[in-house]
Amino acid sequence: MNRNTNITKYMLLVCMLLAVSGCRDDFDLDDISNKEKLVVYCLPSTTGTTYISVTNSMAIGKHAEANKMRAVADAQVSYRVNGETKEVGQKADGTFYTDTPHHAGDCVELTVTHPRYGTATASAVVPESIPVRLDRVQKVSLFDEDYMSTRDYYQLAATFTDPVESKDYYAVTVRVKHYKGDAYGELVNENGSRTLWIPNDYNDYLYWKEQYPQAEWTCEISDSVVETKTIYTAKEPLLNTLTDIDTDFGYENSFYGNFYIFNDATINGQTYTLHLNTDSFGYGGAFNFWHKYQVVLYRLTPEYYHFLKSLNDVENNDLAQAGFSLVSPTLHNISGGFGLLGASNSSESEWMALDNE
């Protein structure tokens with residue numbers, strides 16, 4: 001760690017171990033079923049096809065057979081929206097799907113049945129979306145405590161208003177659209193000769209076009225690819241809840257799948273601007289001509305949020321991974337089995353280029 005020496009870190013660790021050395025955790029294995037059950041994951045939203053993953057759990061005492069866990073292809077899947085049964089297809093073993101469109105307020109009821117693994121059920125309501133606005137994209141220089149130096153980032157300022165009447169759960173992602181393009185400028189001189197400019201990228205094109213407005217300029221965008229970016233959370237309070245002592249004990253602040261979750265505990269009812277910092281590296285290759293940015297704000301059901309938080313807690317707890325503290329359990333809301341039925345709704349900002357573009 002950069003803020004503290006290794007000696008301080010290890011002294012803190014030793015103190016904590018001494019404090020908990022007399023503790024004992026009792027587990028009643030009778031409370032944990034030895035019966036294999038269905039494991040179901042389904043994440044309905046208002047965009048695209050909804051997939052339903054069905055596998056089976058492993059009974060206690062059969063850890064040696066973990067490699068035999070398999071997708072459950074012969075399960076019966078019932079998918080109901082507002083009480084109406086919808087068509088469910090099977091894409092592959094253990095992967096079911098429905099093309100049913102979802103809307104805010106829809107009540108989704110999922111039932112999966114298998115003669116060996118029993119019946120698993122869950123329900124969820126698709127939440128209302130919360131509009132998000134991208135105010136600006138700019139280059140910033142911020143001090144990075146991990147590297148003990150100043151680093152350059154692209155910062156997206158995204159504003160939304162949290163409802164005052166409810167406790168809400170969110171996730172945010174940053175998308176970058178990388179464009180492939182070509183540009184050139186041509187000027188016929190007085191003596192009949194020609195001057196040709198071939199800019200390296202869109203910024204270069206704008207610069208030379210401004211310097212030589214009398215030339216004939218051409219710019220063409222031919223293709224694009226979209227990338228989900230990593231967000232550096234240290235400078236955004238809603239995404240960084242670590243204290244110095246957390247950092248000293250080895251806790252991290254990574255997020256599963258670049259899906260950055262937070263809640264409204266500190267901003268309930270307020271209009272808030274997220275400051276989302278991403279690296280300044282381009283996609284590379286031919287798709288490095290121009291870039292545009294977009295913020296996607298997701299509103300999650302509580303179960304979806306707490307499931308993701310439990311995954312993040314396990315990933316970020318270095319002490320637990322080293323055997324010095326308990327690993328937080330992964331939460332689920334599937335009755336009669338394991339897994340998650342988590343609904344979401346999202347809103348997207350407009351695509352925006354850097355301020356100087």
Side-chain angles (χ1 to χ4, degrees), residues 27-45 47-81 85-100 102 107-124 126 171 228 254-259 261 298 300-317 320-321 323 326-344:
F27 296 94
D28 186 357
L29 295 182
D30 291 336
D31 291 338
I32 304 176
S33 175
N34 285 307
K35 182 180 179 182
E36 295 176 339
K37 294 183 179 182
L38 292 168
V39 181
V40 180
Y41 289 97
C42 179
L43 306 175
S45 69
T47 59
T49 300
T50 299
Y51 291 96
I52 306 161
S53 170
V54 182
T55 58
N56 64 280
S57 67
M58 180 182 63
I60 295 175
K62 293 187 177 181
H63 56 275
E65 302 178 17
N67 60 340
K68 297 181 181 179
M69 294 175 65
R70 61 179 179 82
V72 179
D74 54 343
Q76 299 296 315
V77 178
S78 171
Y79 195 89
R80 294 164 60 87
V81 178
T85 300
K86 302 298 182 178
E87 182 178 355
V88 175
Q90 187 166 5
K91 190 175 183 69
D93 286 354
T95 302
F96 302 82
Y97 70 93
T98 177
D99 290 323
T100 300
H102 297 86
C107 179
V108 175
E109 297 173 285
L110 177 63
T111 302
V112 182
T113 304
H114 188 271
R116 177 178 175 181
Y117 306 120
T119 298
T121 62
S123 63
V126 179
T228 299
S254 61
F255 291 79
Y256 181 79
N258 284 345
F259 198 63
I261 61 172
Y298 300 83
L300 312 177
T301 56
E303 295 81 8
Y304 196 173
Y305 168 85
H306 289 296
F307 173 82
L308 291 173
K309 187 176 185 303
S310 67
L311 292 182
N312 293 339
D313 289 345
V314 171
E315 178 65 23
N316 292 324
N317 189 349
Q321 294 178 21
L326 290 177
V327 176
S328 301
T330 301
L331 303 180
H332 69 91
N333 67 335
I334 302 294
S335 178
F338 304 101
L340 173 72
L341 174 62
S344 66

Go through the steps for L341 and V40 under the test side chain to side chain contact (heavy atoms under 4.5 Å, CB included), then give the verdict.
-> CA-CA 8 Å; L341 174 62; V40 180; over 6 Å; no
Side chain to side chain contact (heavy atoms under 4.5 Å, CB included) between L110 and V77, worked out = CA-CA 7 Å; L110 177 63; V77 178; 3.9 Å; yes
Should V112 and F96 be marked as a side chain to side chain contact (heavy atoms under 4.5 Å, CB included) after you check the CA-CA gap, both sets of side-chain angles, and the distance that decides it?
-> CA-CA 11 Å; V112 182; F96 302 82; over 6 Å; no
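When all heavy atoms of L340 and E303 are compared, the pair lying nearest together is CD1-O, 3.8 Å. Nearest heavy-atom pair across A171 and L300 is CB-CD1, 4.1 Å. A pairwise comparison of heavy atoms in I52 and C42 identifies CG1-SG, 3.7 Å as the closest pair. For V54 against A75, the heavy-atom pair with the smallest separation is CG1-CB, 4.1 Å. Across all non-hydrogen atoms, the minimal contact from H114 to R116 is ND1-N, 3.0 Å.
Atom CD1 in I334 sits 7.5 Å away from atom OG1 in T121 (nearest 0.5 Å). Expressed to the nearest 0.5 Å, how far OG1 of T49 lies from OH of Y97 amounts to 8.0 Å. Going from atom OG1 of T98 over to atom CZ of R80 covers 13.5 Å, rounded to the nearest 0.5 Å. Taken from OG1 in T113 to CG in D74, the straight-line distance is 11.5 Å, to the nearest 0.5 Å. Interatomic distance, OG1 of T50 versus NE2 of H102, reported as 4.0 Å (0.5 Å rounding). The CG atom of N56 sits 12.5 Å away from the NZ atom of K35 when rounded to the nearest 0.5 Å.
Heavy atoms from other residues, nucleotides or ligands lying under 6.0 Å from NZ of K86 number more than 12.
Close placement of the F259 and Y298 rings is indicated, their centers lying within 6.0 Å of each other.
For A343, the side-chain contact (heavy atoms from CB on, under 4.5 Å) partners are P44, A124, V126, P127, T301, not counting sequence neighbours.
Looking at L311, N312, L308 one by one, the single match for side-chain contact (heavy atoms from CB on, under 4.5 Å) with F255 turns out to be N312.
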